[in-house]
Protein chains: 2
Amino acid sequence: MRDSTPTAPLSSSIGDYLKAIWTIAGTGSASTKEISVRLSVAPASVTNMLGRLQEQGLVVHERYRGASLTERGREEALRLVRRHRLIETFLLEHLGYSWEEVHEEAERLEHAVSDAFTQRLAEFLGHPDQDPHGEPIPTAEGVLEPDVSFPLSEAQAGQRVRIFKVSDEDASALDYLGERGLVPGRLLTVREVRELDSVTTVEDEGGESHSFGEALASSVFVREHTGQT
Amino acid sequence: MRDSTPTAPLSSSIGDYLKAIWTIAGTGSASTKEISVRLSVAPASVTNMLGRLQEQGLVVHERYRGASLTERGREEALRLVRRHRLIETFLLEHLGYSWEEVHEEAERLEHAVSDAFTQRLAEFLGHPDQDPHGEPIPTAEGVLEPDVSFPLSEAQAGQRVRIFKVSDEDASALDYLGERGLVPGRLLTVREVRELDSVTTVEDEGGESHSFGEALASSVFVREHTGQT
DNA sequence: GACATAATTTAGGTTAAACTAATAATATGG
DNA sequence: CCATATTATTAGTTTAACCTAAATTATGTC
Ligand SMILES: [Mn+2]
Ligand SMILES: [Mn+2]
Ligand SMILES: [Mn+2]
Ligand SMILES: [Mn+2]
C-alpha cells in the first residue's frame, strides 16, 4: 500500500462520492446504481470514479459487487458530514434560512471551508452535538454517536416515542412538520399503525392528533421514550 | 455566435481572472504577464483563458495588448468583491480570525456561496459599507463608492489625515498595524515625510509617535481630515 | 438450467483548466 | 534603428470528471 499522494486535498466530487457511499451503506457496500442515482451521475462515471478512489486508498471496489469505504475513506466522509451539519446549523439558527434552502447551500460550502473554519464555527455555535433536525454531529476526531432511532413507520401502537431526527432530504416534509411543531425533542404517543394503508397516527403532548402517510412516517425518526419529560 | 450560454454559473477560475483584471486595471486593461503573476499561472494559460473569457463576453482581449472587462465582466467581478469583503468581515468580527487567515479563506468561500447567502450575511452583519480594513463593499446592485484615499507615503508634513483602509495583501503588515491600533478610522497628524529614506512619521490621537518605512507607508491609505472628532 | 432483464463495465469522447517548449511580437537602450 | 530582452501566443500534452453507446456479467423466474 503506497502512501499515495501525501495529502492532496480531495476534490468536491470525491467528497460527495465518499459521503454517498457512507450514507447508502455505512460500513457496508454501495452498488454502482445506488451511487449513480444519489449523485445523479451516469453509472459508467461511477465505475470510473470508483477506480480512482480505490487507487487513492479511499474505497475498496469489487467488480460487480459494489464499493465500501476504507478507514481513510470513512474519516474523510465524516469530516464532510461534520462540516455539513455545522454549516446547516449556522444557516438555520443565525442566517434565517428555511429548510428548503439549507441543504443545497451546505452541500457546496462543505467543500470550500477549511478545518480552521470548521473549528471556529463549532465554537461560535457552542459545540453542538446535533444539528437542528437531530442528526448527530461527528466530533473533530471523527467519532459519531451511534444512532438507535428508527422511522416512525416501524413504531408500534401504544408506544411512547420522542422525535429524534427528521430526514433532511425532503425539504417540503421538513417544512410541513416544522409548522406543526413536530421537531426533534417532541414527545409522541403512537395511537395506531395501520398496515392496510401504512398510515400512522400519533398524539402529541398537547393532545393534538397527527396522521402520517408512508412517505412522512418514514422520514421521521424516533427513539423509544422511557422515563419522564 | 450563439447567444452564449444562458447563464451557466461561472467557475471559480473565471471569477478569479475577472477579479484579477479588475484589481490590476479597474476600467483599464491588464497585461497577460500581470495576470499570470497575480494568479500564479503560466502566461500561456492566461492567453488561453482570455480567449474563453472573450467568447463568453466577459472581457475584450486585444492580442499583445492586454484585456479589459466588459460591463458584464465588471459586474461579475464586483459581485465577487462584495462577497469577499462581506465574508472577511464575518470571519474577523464573528469567528475570531486573524488577518493572516482571513484572506485565503475568503478567496475560496467567495466562489461557493449563493446570492441568497450573501444577502443574508449582509443582513446578519448589519449591511456594512466597508470591510474591517476600510475597503468599500460594493452594493448588491454593483455600485462601488469611488475611493479618494491615498497612501500615507504621499501625505505631506503637517497634514491631518484619517486612516481609511489598510491593504489586505500583506498579512504581517496588517498584524503589526493592528497591534498598535493603527486601524481604519484612526486620526493621525503627519509630522515628517523624509524623502531621503522614505520614512514617514506620524502622531496618533493619544500623542504616540509612529514611523513607517516605504513598505508600510504605502499600504496604509488615508484621507485628508477636515472637521472635528 | 435457459433466458430475459437489470446492473455493470468497457470503449471512446468531451470540456475546463492547467502545463511546457517553441515561436513570434513588442519594447528598450545604446 | 537595430540587437537584445521581455512579453505573448501557438502547439501539443495532461488530468479530472463527466458523457453515450456497446458489450458483458449477474440474477431471478419459469
Ligand atoms: Mn443536509
Ligand atoms: Mn457536497
Ligand atoms: Mn481579501
Ligand atoms: Mn477566489
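Just so we're on the same page: letters track the sequence lines, and every chain starts at 1.
For A:His94 and B:His94, the distance between ring centers is not under 6.0 angstrom. In this structure, A:Phe117 has its ring center at least 6.0 angstrom away from the ring center of B:Phe90.
Counting any heavy atom pair closer than 4.0 Å across all strands shown, B:Thr47 reaches a base atom.
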Quick one: what's the B/S/- string for nucleotides 11-24 of chain C, heavy-atom cutoff under 4.0 Å, read 5' to 3'?
-----SBSBBB---
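We find that A:Asp131 and A:Lys165 are not joined by a salt bridge, their nearest charged nitrogen and carboxylate oxygen being 4.0 Å or further apart. A salt bridge is absent between B:Arg82 and B:Glu110; no separation between the charged side-chain nitrogens and carboxylate oxygens falls under 4.0 Å.
Taking the side chain as every heavy atom from C-beta outward, A:Gln130 and A:Phe164 approach each other to under 4.5 Å.
Side-chain N/O atoms of A:Arg63 include one lying less than 4.0 angstrom from OP1 or OP2 on C:dT10.
Side-chain contact, A:His127 with A:Glu123: no donor N or O sits under 3.5 Å from an acceptor N or O.
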Step by step, would you call B:Asp16 with B:Leu18 a side chain to side chain contact (heavy atoms under 4.5 Å, CB included)?
CA-CA 5 Å; B:Asp16 284 338; B:Leu18 297 178; over 6 Å; no
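In this view, A:Arg79 and A:Glu76, A:Arg83, A:Asp115 satisfy the side chain to side chain contact (heavy atoms under 4.5 Å, CB included) rule, not counting sequence neighbours.
Contact footprint of chain A on DNA chain D: nucleotides with an atom under 4.0 Å from a non-hydrogen protein atom, first to last in 5' to 3' order, D:dA16 to D:dT27.
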